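Everything numeric here is computed off the predicted structure, so don't read it as measured data.
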Amino acid sequence: MQSGTYRAGDKVRIWPSGLETVLESIEVNQQAVASAEAPQGVILRLRDDIDISRGDTVVPLSAHPAVVRELEATLCWMDERPLRAGRRLLVQHHAAVVKASVTAILQKTNIETFESQGTDEAKLNDIVRVRLKTALPLVADDYRQNRATGAFILVDEQTGATLAAGLIAATDPEYFTREVPVEATFSI
């Protein structure tokens, strides 16, 4: 579980599909329990036979997570090869792994003065703000709201090497301007 508390009998929605069901039962350490909370490892048994894939997210029906294909993030670039807009890579966001591209490098943080400056590339150990576009939707939160669902890594498609660590700074601006409490999320 990424965050929150789940109880047997709770109505939940599976994202990104949007399908609804009920938690039939919850197991912790092969024992049925009435409820569980983050960061416990759990098995959720659903009332309906729903096809759920690795990387899908289970949330309470009352929660309204951002399901996005575009986001802004702060990266720490960890590769010898510079990052430039247009680069294709993989985003690993908890259990989800999706193809993505960097559509823009918005700014670089000067690590000595902490001032932002314009740039068109990120070099080894640079801290940059970027815009990403993913091939498939992600259920993501602003890192300041939920650390578990607001962090990710970037991975090289060919080598599998970790290229960057990222913190989500913004997804859909309309979503993050509403007063929506961060509730429970469970990723498959």
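The existence of a salt bridge linking Arg45 and Glu24 is excluded, since no basic side-chain nitrogen approaches an acidic carboxylate oxygen closer than 4.0 Å. Note on Glu70 versus Arg131: no salt bridge recorded, every NZ/NE/NH1/NH2 to OD/OE distance being 4.0 Å or above.
Hydrophobic clustering (side-chain heavy atoms under 4.5 Å, transitive across Ile, Leu, Val, Met, Phe, Trp, Tyr) groups Ile168 together with Leu89. Clustering ILVMFWY residues whenever any of their side-chain heavy atoms sit less than 4.5 angstrom apart, transitively, puts Leu44 in the very cluster that holds Ile50.
Remark: Lys99 pairs with Glu157 by the salt bridge (charged side-chain N to carboxylate O under 4.0 Å, His left out) rule, at least two apart or across chains. Residues passing the side-chain hydrogen bond (donor to acceptor under 3.5 Å, both in side chains) test with Thr21, sequence neighbours excluded: Asp48.
Looking at Glu121 and Lys123, their side chains come closer than 4.5 Å, going by heavy atoms from C-beta outward. Taking 4.5 Å as the limit, some side-chain heavy atom of Val155 sits within range of a side-chain heavy atom of Ile153. Using a 4.5 Å heavy-atom cutoff, the side chains of Met78 and Thr162 are in contact.
No more than 12 heavy atoms of other residues, nucleotides or ligands sit less than 6.0 Å from atom CD of Glu80.
Here salt bridge (Lys or Arg N to Asp or Glu O under 4.0 Å) pairs that include residues 12-22, with residues two or more places apart or in two chains, are Arg13-Glu20.
Trp15 contributes no side-chain N or O that, together with a main-chain N or O of Ser17, makes up a donor-acceptor pair within less than 3.5 Å.
Note that CG of Asp10 and CD1 of Ile26 are 6.5 Å apart. Values are rounded to the nearest 0.5 Å.
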Dump the intermediate steps for side chain to side chain contact (heavy atoms under 4.5 Å, CB included) on Val139 and Thr149, then the final yes or no. CA-CA 8 Å; Val139 177; Thr149 58; over 6 Å; no

